[in-house]
Amino acid sequence: MIMRKLSVLFVILAIALASFAADRLSNLPCPILGGELSNSAATSVADIDEVMLRMKALGLNTVLVPAYWELMEPMEGKFDFTLIDRTIDVARREQLHIVFLWFGVWKNSMSCYAPGWFKQDTKRFPRAMTAEGKQMEIASCFSDNVLQADLKAFSALMRHIKERDPQCEVVVMMQIENEIGMLESARDHSPLAEKVYNKERWAERYGTDEYADEKFMALSYARYVEHLALAAREIHDMPLYVNAAMNSRGRRPGEYPSAGPLAHLIDFWHEGAPSIDLLAPDIYDTGFKSWCAQYAMPLRPQDGGKIKNRLFIPESRCCENSGVRALYAFGEHQALGFSPFAIDQASEKETESVTQAYNLLRQVFNVKRPLNSWGLLFDQEDRERIIDDDGVVMTCRHYFTLPWDPRATDGSTWPEGGAMLIRLGKYEYLLAGSGVVIDFKTPTEKQQEQQKTLGEDGFAEAGGSTGQKANKRFSGKRLSLLSVDEVAISDDGTMQYLRRHNGDQTHQGRHARIGVGEWKILHIKLYEY
């Protein structure tokens with residue numbers, strides 16, 4: 001009976017925590033159109049002054065900025081918040097938001113940002129060990145001394161931020177640690193770790209392979225992080241998240257930063273760190289859409305009536321495709337935010353796509369009462385997506401699937417094309433993006449569609465197969481474009497007409513399109529006949 005009551009209380013607590021998390025996230029001032037600074041970009045006042053102005057010029061509304069333990073507490077117990085203060089002051093002046101990244105005990109697995117006094121005292125602050133007894137440059141999460149030193153510094157940071165920004169007008173979210181995970185070994189084999197491992201009878205519960213070891217470390221890291229999260233909640237309540245380096249390229253635990261907040265370990269992280277609002281992927285490898293899907297975890301009954309995890313991408317490779325990837329993440333998954341990494345070091349060609357996409361996103365976020373949205377993202381292999389929207393079948397493709405652009409066949413790799421597609425009403429859509437083309441059909445029309453090989457002029461090649469008997473009679477109704485207008489959207493959601501797309505710009509009414517290298521918002525209306 002006692003255990004049953006405890007189970008009921010745990011469920012009630014989980015639902016309450018989920019509700020508070022949803023409130024915290026919904027209270028963010030805006031979706032995060034972000035950029036993360038490179039690791040050493042905010043280590044001096046002069047650098048902060050210079051880089052924040054550049055981030056404003058790029059069109060960001062939020063900058064993700066490291067908070068360095070080694071510079072904040074160079075001598076034990078003596079804190080220097082000069083860099084934190086300067087970051088907040090410049091951001092407030094430039095009307096930017098800040099997400100601070102606590103580079104505390106772990107940064108990309110290693111304890112490289114811990115202060116010198118911490119690093120040098122391995123007796124007081126012990127290291128994780130391999131099974132062979134080799135100490136690693138990773139502080140052990142099983143050491144209370146490690147935890148208390150980290151907790152003291154992090155709590156001091158949270159108190160100071162509250163003093164400087166009590167209403168969370170500038171600092172809107174906090175990342176705890178950075179890419180936690182074990183490298184070289186799937187788990188810590190230090191004496192402190194072995195004591196917990198044996199006490200919890202882990203081998204009997206899960207086995208002894210590296211995947212069982214990873215689960216043990218995931219729960220242990222999460223429990224550690226929960227101490228910092230609870231302290232933050234008591235001091236200055238704001239959204240909290242942890243980020244993960246991906247388990248990609250067929251690597252095994254210990255070959256990637258294992259036991260971090262990875263999608264396949266989400267239950268262990270939720271168990272150990274229920275006060276964390278988000279588990280966030282750092283996406284650098286191929287397969288952007290797949291990584292997004294793993295972290296955009298929707299409502300499930302078994303989760304106690306909460307969204308299991310909302311997509312937030314604090315780091316993504318900054319490249320020429322960053323802009324269309326941002327449009328996809330917001331359109332397909334209603335992401336909380338997107339942030340290319342080391343945007344301060346990227347080339348103008350790479351940051352241009354971010355600036356252009358964020359300009360479109362700012363506008364579409366002003367749209368009143370959208371009914372639905374989708375994200376489109378295409379490349380040379382993944383060229384097409386068909387969406388059936390309540391009787392409107394939309395065939396969405398990469399722009400280079402059209403036959404007349406010579407860049408499609410010049411041997412170069414296609415840049416990605418992507419967009420946010422928004423349904424405003426029956427037969428009415430917005431398309432915001434770059435490098436995409438869409439046609440609209442009824443379901444019966446799509447079923448009877450004749451497949452044609454088109455020449456560079458957009459017409460059927462002579463003698464090309466239609467894939468269908470010519471004498472088969474068409475039945476049903478068709479959809480066509482009533483109008484396609486390029487628009488801008490004001491702060492109050494009003495669409496401002498820029499120009500009409502028709503004729504050659506719609507291939508005589510066959511499709512709506514936005515070329516590669518162009519960034520536009522199209523207001524599309526359809527009619528049935």
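This is a predicted model, so every value here is computed, not measured.
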Margin query: Using 0.5 Å steps for rounding, measure from the CD1 atom of Ile84 to the CE atom of Met72.
Written below: 7.0 Å

Next item on the list: Consider only side-chain N and O atoms of Glu320 and Ser353, and report whether a donor and an acceptor are under 3.5 Å apart.
Entry: no

Check: So, for Trp69 and Phe154, is the gap between ring centers shorter than 6.0 Å?
Finding: no

Next item on the list: Verify whether one side chain among Asn178 and Asn243 offers a donor that lies under 3.5 Å from an acceptor in the other.
Entry: yes

Check: Going by atom types alone, do Tyr206 and Glu200 pair a side-chain donor with an acceptor below 3.5 Å?
Finding: no

Next item on the list: Compute the centroid of each ring, for Trp106 and then for Tyr224, and state whether the two points are separated by less than 6.0 Å.
Entry: yes

Item checked: NZ (Lys368) with more than 12 external heavy atoms under 6.0 Å -> yes

Note to self: Taking the ring centre of each residue, are Tyr197 and Phe216 less than 6.0 Å apart?
What the structure shows: yes

Notebook entry, point to check: Is it true that the side chains of Gln175 and Tyr241 contain a donor and an acceptor less than 3.5 Å apart?
Noted result: yes

Next item on the list: Would you kindly say whether His270 and Asn309 are connected by a side-chain donor-acceptor distance under 3.5 Å?
Entry: no

Next item on the list: Working to the nearest 0.5 Å, report the span between OG of Ser185 and CE of Met217.
Entry: 8.5 Å

Next item on the list: Report yes or no: do Asp492 and Ser490 form a side-chain donor-acceptor pair below 3.5 Å?
Entry: yes

Item checked: Polar side chain donor-acceptor pair, Thr82 to Asp85, under 3.5 angstrom -> no

Next item on the list: Apply ring pair (Phe, Tyr, Trp, His ring centres under 6.0 Å) to Phe365 and list each qualifying residue two or more places apart in sequence or on a separate chain.
Entry: Phe330

Checklist line | Residue among His333, Arg423, Gln334 satisfying side chain to side chain donor-acceptor pair (under 3.5 Å) with Ser373 | finding: Gln334

Next item on the list: Say whether His264 and Gln294, considering side chains only, have a donor N or O and an acceptor N or O under 3.5 Å apart.
Entry: no

